[in-house]
Q: 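Dropping the structure in here first, questions after.
The first residue in the sequence is number 1, and the count goes up from there.
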Amino acid sequence: MLLLAHALVLVSAQFPRACVTPEGLRSAQCCPSPLALENDPCGTSSGRGNCVDVRADARAHGPQYPYDGRDDRERWPLRFFTRACRCNGNFSGFDCGHCKHGLTGDACERRVPVGQGNSLYVQQPC
């Protein structure tokens, strides 16, 4: 019982809080503005991203999956959201309000210096 209670504290949400509102669930759209601006889904006005249709894997399930048609995880996340943010360039996050790993700046254009040992080097993209 104690382990279960502890695990519940450590669990984080599956969907961003900004999307799990009555209006967000009714519209089936998860396209919040990174700056909380009206009519600026995904930071479209600043070129951060766009609100696009979500595509899910439509391949048939194998015989090992007995819950066909009865499981919320099928064609995830279309059961809840049909539109979401697709970020441009170096922007990232559910609302395109963050930079990709290793980048910083207003336009996410500067590499973050990373220290290792006594030297400082710039992280290279993978």
Q: Which value, rounded to the nearest 0.5 Å, describes the distance between C87 atom SG and H98 atom NE2?
A: 9.5 Å
Q: Under the side chain to side chain contact (heavy atoms under 4.5 Å, CB included) test against R83, which residue among C42, P41, C51, S27 passes?
A: C51
Q: Test of understanding: with salt bridge (charged side-chain N to carboxylate O under 4.0 Å, His left out), list the residues that count as partners of E23, not counting sequence neighbours.
A: R26
Q: Is there a path of hydrophobic side-chain contacts, each under 4.5 Å between heavy atoms of I, L, V, M, F, W or Y residues, that connects L25 with F15?
A: yes
Q: Nearest 0.5 Å, what's the CZ-CG distance between R48 and N90?
A: 11.0 Å
Q: If every non-hydrogen atom of C99 is compared with every non-hydrogen atom of L103, which pair is closest and at what distance?
A: CB-O, 3.4 Å
Q: Within this structure, what is the OG-CG distance for the pair S45 and N39, rounded to the nearest 0.5 Å?
A: 10.0 Å
Q: Please assess C30 against C85 for the test disulfide bond (SG atoms under 2.5 Å apart), listing each intermediate value before the final yes or no.
A: CA-CA 7 Å; C30 181; C85 292; over 6 Å; no
Q: So, S33 side chain and G43 main chain: donor-acceptor pair closer than 3.5 Å or not?
A: no
Q: Looking at CD of Q29 and CG of D53, how far apart are the two atoms once the value is rounded to the nearest 0.5 Å?
A: 9.5 Å
Q: Which residues pass the salt bridge (charged side-chain N to carboxylate O under 4.0 Å, His left out) test with R86, sequence neighbours left out?
A: none
Q: Looking only at heavy atoms, what is the nearest atom pair of P32 and F94, with distance?
A: CG-CE1, 3.6 Å
Q: Nearest heavy-atom pair of D40 and P34: which atoms, and what distance?
A: O-CD, 4.3 Å
Q: Do F80 and L78 land in one hydrophobic cluster if side-chain heavy atoms of ILVMFWY residues count as linked below 4.5 Å?
A: no
Q: Atom OG1 of T104 and atom CZ of R111: how far apart are they, to the nearest 0.5 Å?
A: 12.0 Å
Q: Got a second to check how far C108's SG is from N88's CG, nearest 0.5 Å?
A: 11.5 Å
